[in-house]
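One is the number of the first residue; the rest follow in order along the sequence.
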Amino acid sequence: MKTRLFIMVCLLFSLTSCNKWLDVELENKVDEDKLFSTAEGFQEALAGVYSQMAGKSMYGQALTMEYVDLMGQYYSYNSVGTAYTYFKDFDYTNSGVKSTIASFWNNLYNCIASANNILNWADKNKGVLGETNRNQVRGEALALRAFLHFDLYRLFCPDVKLSPRAEGIPYNKEFGVALPPMYTVEEVVQLVINDLKEAETLLASDPIVSTVPYTLGTKSDADKYVARMNLYGVKAMLARAYQAKGDNVKAVAYAKEVIESGKFRLLEFASVDQTEALTDVLFSDEHIFSLRNKELKDYSEKLHRDEKKDGATSFKPLPFGSYYNWYEGNNDDVRYSKWFNLGDFMKYYMDNTDAFFRKMPMIKLSEMYLIVAECSFDTDSEMSLEYLNVLRDHRIRNHVHLQYLSKESIQDEMRREYLGEGQMWYVMKRNNLKIETGSSSGDIEPSDVVYVFPMPDAEIEDGHR
């Protein structure tokens, strides 16, 4: 039976011509038989998944700078807007919070269904693509399926190191399956790794292999390689997954492979020693995988700035906490000096979109350095210290190298680095850290009560979970 797929495409990634990867918009219902009858149709379907992921209800806002950063304690507990009251208190029984959590679940699984549909048609219409393009399509779709399941694990499962055999989530490997089977937490993480390993093989001839994105003429040229899941995004995700699993040796090996590939480079201060219009506040040369969305400035503005209208002021709903202390008030730290201006958050405020299209970093090179630092801390403290110092050399002018390292100092660096990106909550959960809210009721001890979202009621009732 024919089904119909609604695709909102803001990006088009060509598998045959780099110049056709961007700037295609498709806003109509497309019959699937027709859509998947050409190589371009597969490209459009993949672009539709990236576009949905980049949207406000997913990684454009909700799953990054909004709710996930709220839980990651980036915002001032006592000043957060009333709309976030129950969320900041981790009251997952509140009806509004439950609805928001259910939307995370539904949106992530909808994207997974789209990725599975692409895989289904790539098998069904093998002759349309040819081997090279088919490997590229299947590799990206599998990588996206793994990426999305991994975040479902991070949100809805206990930590795999603490509760490996606890009930996890459904891992949806087929399109059209009404009730995909449940798996234990360790099985979910292993399935993520399995998909990533297959994607790694399929993407062996990814176009990024033959170029160095940051050396290209413009950042938009580079985006043709990194504003999608590419071979090194897969390797970086394997580093993440092995880090989560506690397999530090493999996590370090994959992180180093990405670092040593030469495809990305840490921030050069020259890129921020420019006029405001030419300053790369997103450190684009470090992006391994990012999602483009021209509305990011508007999203951030509504969350992080006061609104003045008709003589009245509505205060920002998510004011930042002690960012002065996070960066020790050091103007030589370019994250502090470039991401904040008189208290206003500037990270997503690029006005010169011709030079720097607005995008949300999903995986950056800096994270690979931090993975090496964290995962080698117990076995090779010198290497851990070396990698953290190298990263800080590219963040802090006149940086004096640290001589001593603690796990806390690595986590402090992560807090400085992941601002606005929705990663700090997962650092806290992975390390089973207490939650320092700054509220009068004191800190919250780590437990699954706060670190694990409840499965949506509809999933429990309809899926007989």
Reported CZ-to-CG distance for the pair R416 and N330, which is rounded to 0.5 angstrom: 9.5 Å
Atom pair CD (E386) and NE2 (H401), whose distance is rounded to the nearest 0.5 Å: 9.5 Å
W326/Y74 aromatic ring centres below 6.0 Å: yes
Test item: side-chain donor near acceptor, D332 and H399, under 3.5 Å: no
Ring centroid separation Y59 to F147 under 6.0 Å: yes
Ring geometry between Y336 and F340 (parallel below 30°, tilted from 30 to 60°, perpendicular above 60°): tilted
Side chains of L291 and M58 in contact at under 4.5 Å (non-hydrogen atoms): no
Distance-only polar pair, side chains of Y84 and E66, donor-acceptor under 3.5 Å: yes
Test salt bridge (Lys or Arg N to Asp or Glu O under 4.0 Å) applied to K364 and E367, step by step: CA-CA 6 Å; K364 296 188 304 185; E367 182 182 349; over 6 Å; no
Residues Y171 and D195: side-chain donor-acceptor under 3.5 angstrom: yes
Main-chain N/O of E174 paired to N120 side chain as donor or acceptor, under 3.5 Å: no
Under 3.5 Å: donor-acceptor pair, side chain of Q73, backbone of M71: yes
Positive for side chain to side chain contact (heavy atoms under 4.5 Å, CB included) with L155, one of F150, Y426, W105: Y426
Pairwise side-chain contact, I169 with Y109, heavy-atom cut-off 4.5 Å (strictly under): yes
Between CG on residue D206 and OG1 on residue T132, distance to nearest 0.5 Å: 12.0 Å
Contact check, side chains of L402 and R392, non-hydrogen atoms, under 4.5 Å: yes
Close side-chain approach of D123 and R134, heavy atoms under 4.5 Å: yes
Plane angle bin for Y387 and Y369 - parallel if under 30°, tilted between 30 and 60°, otherwise perpendicular: tilted
Short side-chain donor-acceptor distance under 3.5 Å, E268 and S271: no
Test item: K429 side-chain N/O and R154 main-chain N/O as donor-acceptor pair under 3.5 Å: yes
Centroid-centroid under 6.0 Å between F42 and F36 rings: yes
Spacing of K235 atom NZ and I259 atom CD1 [to the nearest 0.5 Å]: 13.5 Å
Ring centers of H287, Y225 separated by less than 6.0 Å: no
Residue pair E200, L231: steps toward the side-chain contact (heavy atoms from CB on, under 4.5 Å) verdict: CA-CA 6 Å; E200 183 183 26; L231 175 61; 4.2 Å; yes
Ring geometry between F156 and F453 (parallel below 30°, tilted from 30 to 60°, perpendicular above 60°): perpendicular
Note, K263 side chain near N230 side chain (heavy atom, < 4.5 Å): no
Flag side-chain contact, heavy atom, 4.5 Å: R265 against H394: no
Chi angles and distances behind the side-chain contact (heavy atoms from CB on, under 4.5 Å) call for D412, Y327: CA-CA 9 Å; D412 287 345; Y327 298 103; over 6 Å; no
Verdict with reasoning, D69 to Y75, per side-chain contact (heavy atoms from CB on, under 4.5 Å): CA-CA 8 Å; D69 267 2; Y75 301 119; 3.9 Å; yes
Aromatic plane relationship, F345 with Y348 - under 30° parallel, 30 to 60° tilted, over 60° perpendicular: perpendicular
Heavy-atom side-chain contact between V189 and E186 under 4.5 Å: no
Within 45° cone and under 6.0 Å: K88 NZ/CZ vs Y77 ring: yes
Q136 vs L203 side-chain heavy atoms within contact, under 4.5 Å: yes
Verdict with supporting geometry, H149 and N172, side chain to side chain donor-acceptor pair (under 3.5 Å): CA-CA 8 Å; H149 275 112; N172 194 352; over 6 Å; no
Whether E286 side chain and L267 backbone form a donor-acceptor pair below 3.5 Å: yes
Donor on one side chain, acceptor on other, E198 and N194, under 3.5 Å: no
Ring-ring centroid check Y451 F90, cutoff 6.0 Å: no
Test: R395 and E413 ion pair at under 4.0 Å: no
R430 backbone acceptor or donor facing K161 side chain under 3.5 Å: yes
Polar contact flag, side-chain donor to acceptor under 3.5 angstrom, T218-S220: no
